[in-house]
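Everything on this sheet refers to the single structure shown next.
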Protein chains: 4
Amino acid sequence: MTAITGTANAERRAELLATAAEVFAAQGYNATTVRRIADEAGMLAGSLYYHFDSKESMLDEILSAFLDELWTGYDTVLAAGLGPREAIGALVTQSFRQIDRHGPAVAIYQRESRHLSAQPRFAYLADSQLKFENAWLRTLERGVAEGAFRGDLDVRLVYRFVRDTVWVAASWYRPGGTHSPEEIARQYLSMVLAGITTKT
Amino acid sequence: MTAITGTANAERRAELLATAAEVFAAQGYNATTVRRIADEAGMLAGSLYYHFDSKESMLDEILSAFLDELWTGYDTVLAAGLGPREAIGALVTQSFRQIDRHGPAVAIYQRESRHLSAQPRFAYLADSQLKFENAWLRTLERGVAEGAFRGDLDVRLVYRFVRDTVWVAASWYRPGGTHSPEEIARQYLSMVLAGITTKT
Amino acid sequence: MTAITGTANAERRAELLATAAEVFAAQGYNATTVRRIADEAGMLAGSLYYHFDSKESMLDEILSAFLDELWTGYDTVLAAGLGPREAIGALVTQSFRQIDRHGPAVAIYQRESRHLSAQPRFAYLADSQLKFENAWLRTLERGVAEGAFRGDLDVRLVYRFVRDTVWVAASWYRPGGTHSPEEIARQYLSMVLAGITTKT
Amino acid sequence: MTAITGTANAERRAELLATAAEVFAAQGYNATTVRRIADEAGMLAGSLYYHFDSKESMLDEILSAFLDELWTGYDTVLAAGLGPREAIGALVTQSFRQIDRHGPAVAIYQRESRHLSAQPRFAYLADSQLKFENAWLRTLERGVAEGAFRGDLDVRLVYRFVRDTVWVAASWYRPGGTHSPEEIARQYLSMVLAGITTKT
DNA sequence: GATGAATGAGCGTTCATTCAT
DNA sequence: AATGAATGAACGCTCATTCAT
């Protein structure tokens with residue numbers, strides 16, 4: 001009984017969060033009213049507070065759930081002991097899969113994370129950002145050291161170039177379109193890798 | 001005397017707009033209160049309305065001034081009759097110069113233009129966007145036709161790749177840093193062009 | 001249960017509108033603050049917006065409800081096929097009844113209708129005004145043609161005279177005073193009719 | 001020198017007050033902005049404060065100047081020792097002349113005096129109102145006592161009837177129209193007097 | 001006498017949130 | 001679980017007023 005209710009409860013929460021994420025992504029967090037989310041979910045604004053503490057806690061759950069999944073994928077890649085080129089390829093592909101599966105969350109993250117990370121509650125965004133930066137920078141530096149990547153470029157610039165190149169796609173990518181995430185990843189990689197690898 | 005006053009007036013407006021642009025860029029347009037802009041400018045909220053009609057008209061002036069300058073530069077490049085590679089290079093360099101000079105405006109444009117362009121007042125954003133897309137797509141297609149650029153990639157994907165790659169830089173670029181806009185443009189171009197040009 | 005709630009809801013709206021009408025009538029629409037209405041209703045200003053879209057929509061509801069009732073009464077009189085003297089008498093009596101029942105609305109109408117009717121939302125005020133004028137003028141002209149009313153007076157002047165004479169009473173009439181609306185109508189009529197009817 | 005300046009000064013004040021009165025009459029006192037008056041006078045809002053202490057003091061001057069003139073005329077009539085019928089006639093004619101000469105002031109008085117008279121500064125409005133009421137009531141009562149006016153009507157009702165009948169005309173009367181104030185007075189009187197005098 | 005720029009109080013309105021039912 | 005009604009803080013904006021120039 002309790003288990004069933006708990007599951008039903010969890011499902012309802014997930015549904016509501018998915019709805020909220022879509023609206024946040026479409027209109028921006030600040031510009032989204034709680035009433036709008038409730039409308040979309042077929043209830044009144046006040047009723048959402050039975051399920052969630054606040055508008056902010058909805059945002060929090062959306063972003064942390066996304067980051068949890070993201071890091072599960074990334075950590076697997078990083079632990080696989082791949083060479084620099086393959087590692088970069090795997091990370092990019094992972095990223096496009098996340099964009100495909102968590103499009104709204106990615107879009108929210110892109111738009112809001114900078115100013116959110118100043119708040120204690122969202123400090124984990126800054127942590128994640130740092131961990132992310134470290135993972136990429138180390139992989140790139142390893143590639144330069146091994147002679148796989150060009151050494152004449154500022155590594156931080158390359159990092160930002162690759163990072164932005166990938167994540168910004170969330171602003172136009174729509175699931176179910178012409179290209180699968182893997183196909184987009186393939187084309188992106190063929191450009192990006194050509195730009196940063198040494199000529200052989 | 002009148003000339004001096006006129007100039008002083010125009011300077012004050014420009015100062016206030018620069019202040020507003022910085023705050024809009026840092027916090028987002030919606031999240032920025034008119035009181036915050038006034039604080040930053042050392043006056044009271046109501047006083048801003050002596051200089052501007054509304055918060056929205058400040059945004060309007062910031063964005064249209066930016067786009068005017070941008071297109072002055074772009075039109076010069078596009079009318080110069082350059083080859084595809086050189087044209088892309090010149091456009092990218094122009095863009096980084098704009099980021100250097102109008103950083104906040106670029107950041108605001110990135111964040112807000114999608115939903116703003118639905119309003120009649122900001123229809124020019126959609127027009128600009130279209131003109132921009134045409135300029136880039138034609139240059140890229142010309143490059144493919146002439147054999148300068150790779151023909152195995154989706155041209156729209158390449159367009160988005162290059163476009164985002166450049167403009168997203170506004171989100172981290174700070175004037176007066178280690179690299180000049182021209183240096184950043186040079187490094188970006190050496191990556192981007194390697195990714196899209198045919199191997200010779 | 002739903003019916004009770006629906007009724008309660010409608011009653012609350014009506015109460016709030018009556019409160020608003022009194023304040024509007026006492027201080028003028030523009031000079032009345034939403035906070036004042038809310039005070040009078042025992043709530044906070046923002047709470048009124050749960051019930052109404054705007055201050056203007058309160059005004060709109062007050063005026064259109066009044067005009068609806070007014071025309072219900074007038075149309076009945078006009079359709080009854082009375083002679084000119086009896087028709088004028090019935091219209092005046094109807095008017096005093098409206099003043100008795102909708103005193104504040106009448107006062108608001110007197111004070112605000114001229115400038116309101118320029119706004120599209122309140123165009124119905126101008127329509128009503130025109131219909132009103134037509135009804136009175138035709139009745140008066142019929143009376144002149146039939147020899148019941150004096151022909152030596154400017155009919156439009158007579159119209160204004162009678163119209164103002166009646167409606168201005170709303171500015172001093174208070175329900176529950178010494179005279180009933182019917183008694184006031186009787187005395188008014190005995191003056192007005194003596195002034196405009198031919199001597200027999 | 002001082003005299004000339006003083007006169008020029010007084011003329012400028014009078015011009016500005018006339019302008020203000022027209023705007024107050026057309027839009028209502030509260031709805032009129034100081035800036036609007038200044039626009040109409042060809043200056044900036046702040047400049048009016050060289051001539052007047054405040055918006056309220058403009059209103060004050062307009063109303064008290066009007067009442068001063070009104071009472072000059074009324075007092076002459078009341079001191080002339082006329083019979084009730086002639087006295088009423090002379091007062092009504094005086095009133096229409098005031099409407100003709102001080103239309104805007106009369107309109108402002110009609111619209112604003114009730115709520116203004118609660119303020120100490122405008123207590124003279126209530127005084128004037130009282131004096132006015134006394135003059136009319138005594139004249140009417142004298143007429144009833146002498147058998148000139150009907151005794152079967154409530155005198156206060158008759159007073160309000162005649163008073164409103166006259167003053168409300170300010171809301172539609174425009175100087176220079178078809179009828180002169182004397183002609184309007186004549187027609188009004190022929191109706192009003194027929195309504196209140198005894199049949200002979 | 002008049003201007004230009006600012007003040008400061010207050011306005012209509014929005015919205016996240018609360019809570020009795 | 002959800003509703004209906006309300007709160008209270010904040011927002012964009014207006015406007016009478018001030019004052020150095």
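Note that the coordinates shown come from a computational prediction; the quantities given were computed from them, not determined experimentally. Residue numbering restarts at 1 for every chain, and letters A, B, ... go by the order of the sequence lines.
For the pair D:Ser47 (side chain) and D:Met43 (backbone), a donor-acceptor distance under 3.5 Å is absent.
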Checklist line | Letter per nucleotide, 5' to 3', of nucleotides 6-12 of chain F [B base touched, S only sugar-phosphate touched, - untouched; heavy atoms, 4.0 Å] | finding: SBB-BSB

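For residues 110-121 of chain D, proximity to DNA chain E is found at no residue, defined as any non-hydrogen atom under 4.0 angstrom from a strand atom.
Judged as a side-chain hydrogen bond (donor to acceptor under 3.5 Å, both in side chains), and not counting sequence neighbours, the contacts of D:Ser128 are D:Trp71. When the salt bridge (Lys or Arg N to Asp or Glu O under 4.0 Å) test is applied to C:Glu22, no partner is found at least two apart in sequence or on another chain. A search for salt bridge (Lys or Arg N to Asp or Glu O under 4.0 Å) contacts involving C:Arg36 returns C:Glu40, not counting sequence neighbours. Annotation: side-chain contact (heavy atoms from CB on, under 4.5 Å) contacts of C:Arg111 (sequence neighbours excluded): D:Arg111, D:Glu112, D:His115. Every residue two or more places apart in sequence or in another chain that forms a side-chain contact (heavy atoms from CB on, under 4.5 Å) with C:Ala25 is listed here: C:Pro104, C:Ala107, C:Ile108. Partners of B:Arg101 by salt bridge (Lys or Arg N to Asp or Glu O under 4.0 Å), not counting sequence neighbours, listed by chain and number: B:Glu69. Evaluation of the salt bridge (Lys or Arg N to Asp or Glu O under 4.0 Å) rule for B:Arg121 yields B:Glu56, B:Asp60 as partners, not counting sequence neighbours. Residues meeting the side-chain hydrogen bond (donor to acceptor under 3.5 Å, both in side chains) test with C:Ser171, sequence neighbours left out: none.
Stem regions annotated for DNA chain F: E:2-21 with F:2-21, counting only runs of 3 or more consecutive pairs of Watson-Crick or G-U type with both contacts under 3.5 Å.
Applying the ring-ring contact (aromatic ring centres under 6.0 Å, His included) test to pairs two or more places apart or on separate chains, those with a residue in residues 26-49 of chain C are C:Phe24-C:Tyr29.
Contact check for A:Ile62 versus A:Tyr109: no side-chain heavy atoms found under the 4.5 Å cut-off.
When rounded to the nearest whole Å, the span between CG of A:Asp60 and C1' of E:dA16 equals 17 Å. At whole-Å resolution of the value, CZ in C:Phe52 and C1' in F:dA5 are 13 Å apart. Going from atom CZ of B:Arg36 over to atom P of F:dC13 covers 18 Å, rounded to whole Å. At whole-Å resolution of the value, CG in D:Asp39 and P in E:dG4 are 13 Å apart. Whole-Å rounding puts the A:Phe24 CZ to E:dA16 C1' distance at 11 Å.
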